[in-house]
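What follows is a single structure, written as structure tokens, with notes after it.
Since the model is a prediction, treat every value here as computed from it, not as a measurement. Residue numbers count from 1 along this sequence.
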Amino acid sequence: MTWILAVLGFALGGAVVYILAQLQQRKQTVDVEAAQKQAATAIAQADETTKEAHEKGELIIKEAEVKAKDIIVGARSDAEREIRERRKELTVLETKLESREESFDKRVEAFERRENDLNRRDQSIRTREKNLEEKEQEKQKLVDEARAKLEQVAGLTREEAKRSLIDEMTAQARHEASKHIRVIEEEAREEADRRAKRIVSIAIERLAGEFVTERTVAVIPLPNDEMKGRIIGREGRNIRAIEAATGVDIIIDDTPESIVISCHNPIRREIARVGLERLISDGRIHPGRIEEVIRKAEQDVETSIREAGQRAIIEVGVHGVHPELVKLLGMLKYRYSYAQNVLMHSIEAAFICGAMAAELGLNEKQARRAALLHDIGKALTHEVEGSHALIGGEIARKYGESAKIVNAIAAHHEEVKAETILAPLVDAADALSGARPGARREVLESYVKRLEDLEAIAKSFKGVDKCFAVQAGREMRVIVEPSQVNDDDAALLARDVARKIENDMTYPGQIRVTVIRETRATELAR
């Protein structure tokens with residue numbers, strides 16, 4: 001049994017060994033096949049990689065060849081373009097050189113022609129000189145023959161005739177010299193007079209320019225620049241309403257927080273200033289409100305005028321003056337004569353006249369009264385045409401002043417005969433007050449007079465209601481009655497006013513005449 005088991009074990013072990021050997025052999029066979037397959041795969045992959053590398057190499061070579069061709073083509077085009085540009089430049093230079101050569105040739109030809117002309121002229125001049133010499137010799141010969149004949153006829157020798165001729169020419173030269181000297185002296189005198197006037201006028205302009213600005217414009221401060229737009233209003237209706245109601249010119253520019261009122265009439269300017277200040281402080285600015293405020297401003301300015309007249313009367317020490325004369329005297333507060341305030345001038349003249357009357361033993365109060373009222377006519381020279389002295393005399397007579405006072409006022413510029421000693425006293429006091437150094441300047445008075453003349457010309461036409469000279473006299477605004485002047489007549493009126501200004505006045509630059517025809521309808525809603 002054991003033996004059988006051993007044989008079986010041995011046989012079984014041999015079988016196992018055999019099987020293991022077979023398995024080992026098969027495994028090696030499989031490994032060799034796998035290795036062969038892997039080698040074949042690797043060889044195939046290597047062949048594929050080589051093929052791809054070869055293809056890529058060929059592709060790179062082709063791309064390199066294409067790029068090289070492109071570079072060669074680009075370089076060739078650049079070279080051709082540069083060659084073309086150089087050829088163009090050479091062509092331009094050749095053209096310039098050809099034009100310069102042509103110009104040079106033309107200049108050479110011109111110089112040759114000029115040289116030929118000069119040669120011909122030189123030859124002609126030489127010929128003329130030769131002819132002149134021959135004629136000069138002939139003339140001298142004729143003169144000698146004529147001189148010999150004259151000596152025979154006159155019985156004078158050549159030296160005696162020469163002395164006589166010299167004496168006559170000397171006398172004539174002295175006479176001509178005296179005439180020239182007199183003319184030169186007159187011209188020198190006139191030139192000196194012109195230069196003196198020019199120097200004086202320059203001095204007046206330098207000294208008086210600031211007075212013209214000061215007395216013809218007023219600056220209104222504003223709380224902010226937004227207020228300018230409110231004063232102008234929609235489409236400019238507010239500023240037009242203010243200018244129409246007051247007769248002034250409102251100047252609104254880039255000056256921050258301020259506007260300018262320009263007008264030669266000081267009372268109009270004061271009314272506009274007061275009205276604008278109230279409108280600005282109130283804030284309600286529209287045409288209806290503007291007219292209401294301007295009416296109140298006119299009343300306030302009139303009250304201020306009366307108060308100024310009363311203060312002047314009290315200061316001078318006169319009494320019993322008519323209220324209308326007091327009002328006219330107060331209006332002089334806003335008038336300036338040669339940049340001198342007329343009311344202050346009247347008060348100053350009153351004290352001077354009173355002092356002179358006291359020295360002469362005359363009525364001092366009467367002298368002060370006459371001198372205080374001597375320029376009262378200037379308050380109405382805007383409305384009444386004529387001399388302020390004569391106007392003042394008529395006003396004083398109208399309001400009950402004595403004959404002495406009336407004559408002193410009317411005669412203080414010697415336009416009427418002085419009937420009492422009071423008239424020359426008033427004249428002297430007026431001259432002393434106005435002629436003191438720095439009292440007056442002439443520019444402002446002539447400027448205002450020109451504006452007044454402009455308004456007077458416009459008022460002389462039929463149908464004119466109001467007229468205002470604005471823009472420093474460069475524009476006339478004429479307001480007409482709509483019932484008397486239609487639209488066609490308005491255009492004709494503007495032309496007629498412009499022609500009359502051209503014929504009657506002398507002025508610098510130009511003046512625009514604007515005729516305004518406006519119809520208003522007002523109704524109250526209750």
Side-chain angles (χ1 to χ4, degrees), residues 267 302 305-338 340-436 439-440 445 448-449 452 456:
I267 296 178
E302 185 175 354
I305 287 171
R306 291 188 181 277
E307 290 176 353
Q310 289 287 353
R311 284 196 299 270
I313 289 172
I314 293 171
E315 184 176 354
V316 174
V318 298
H319 61 278
V321 180
H322 193 279
E324 285 300 320
L325 290 179
V326 175
K327 177 183 175 182
L328 294 176
L329 191 63
M331 290 173 67
L332 298 181
K333 172 185 176 182
Y334 299 102
R335 284 300 302 268
Y336 288 82
S337 177
Y338 302 94
Q340 183 183 35
N341 185 273
V342 178
L343 181 58
M344 295 296 101
H345 160 68
S346 299
I347 295 171
E348 187 177 44
F351 285 115
I352 294 172
C353 190
M356 290 189 295
E359 292 294 328
L360 295 173
L362 303 176
N363 189 329
E364 182 178 354
K365 288 187 176 182
Q366 191 178 49
R368 287 187 176 185
R369 188 186 192 97
L372 180 65
L373 300 176
H374 80 284
D375 274 343
I376 199 74
K378 287 187 177 180
L380 294 178
T381 51
H382 287 295
E383 292 82 15
V384 181
E385 187 174 356
S387 168
H388 73 275
L390 300 179
I391 295 171
E394 291 296 325
I395 294 170
R397 182 183 293 108
K398 178 180 178 181
Y399 292 112
E401 292 296 325
S402 64
K404 289 184 178 181
I405 302 294
V406 171
N407 179 254
I409 294 172
H412 80 274
H413 281 319
E414 300 180 358
E415 293 172 317
V416 299
K417 185 179 179 181
E419 298 176 356
T420 65
I421 189 63
L422 194 58
L425 281 180
V426 173
D427 189 7
D430 176 50
L432 287 172
S433 175
R436 62 180 174 79
R440 294 184 172 183
E445 184 71 13
V448 174
K449 182 67 168 60
E452 292 172 353

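- I376 and L329 get closest at one heavy-atom pair: CD1-N, 3.4 Å.
- The shortest non-hydrogen separation linking K404 to L422 is O-CD2, 4.1 Å.
- R397 CZ to S402 OG: the interatomic distance, rounded to the nearest 0.5 Å, is 11.0 Å.
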Give the table of side-chain donor-acceptor pairs shorter than 3.5 Å for residues 356-369, with sequence neighbours excluded, one pair per line with atom names and distance.
unit_1: N363; atom_1: OD1; unit_2: K365; atom_2: N; d: 3.1
unit_1: N363; atom_1: OD1; unit_2: Q366; atom_2: N; d: 3.1
unit_1: E364; atom_1: OE2; unit_2: R368; atom_2: NH2; d: 3.2
unit_1: R368; atom_1: NH1; unit_2: V316; atom_2: O; d: 2.9
unit_1: R369; atom_1: NE; unit_2: E401; atom_2: OE1; d: 2.8
unit_1: R369; atom_1: NH1; unit_2: H319; atom_2: O; d: 2.6
unit_1: R369; atom_1: NH2; unit_2: H319; atom_2: O; d: 3.4
unit_1: R369; atom_1: NH2; unit_2: G320; atom_2: O; d: 3.2
unit_1: R369; atom_1: NH2; unit_2: E401; atom_2: OE2; d: 3.2

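- Judged purely by distance below 3.5 Å, without hydrogens or angles, the side chains of D427 and H374 never pair a donor atom with an acceptor atom.
- Put simply, the side chain of K378 does not reach to within 4.5 Å of the side chain of H345, judged on heavy atoms.
- Residues A408 and A370 approach most closely at CB-CB, 4.0 Å, considering heavy atoms.
- Here the CG-CZ distance, from L328 to R306, works out to 9.0 Å after rounding to the nearest 0.5 Å.
- Scanning both residues, F351 and E315, for their nearest heavy atoms gives CZ-O, 3.5 Å.
- Contact annotation: the side chain of I305 approaches that of I267 to within less than 4.5 Å [non-hydrogen atoms, C-beta and beyond].
- Taking both residues in full, the closest heavy atoms of L390 and A410 are given as CD2-O, 4.2 Å, listed atom of the first, atom of the second, then distance.
- Taking 4.5 Å as the limit, every side-chain heavy atom of V342 sits out of range of all side-chain heavy atoms of M331.
- In this structure, the side chains of I409 and V406 stay at 4.5 Å or more apart for every pair of heavy atoms.
- H388 has its side chain out of reach of E415: every pair of non-hydrogen atoms, C-beta onward, lies at least 4.5 Å apart.
- Across all non-hydrogen atoms, the minimal contact from L343 to N341 is N-OD1, 3.1 Å.
- Within the 4.5 Å cutoff, the side chain of I395 has no heavy atoms near those of the L373 side chain.
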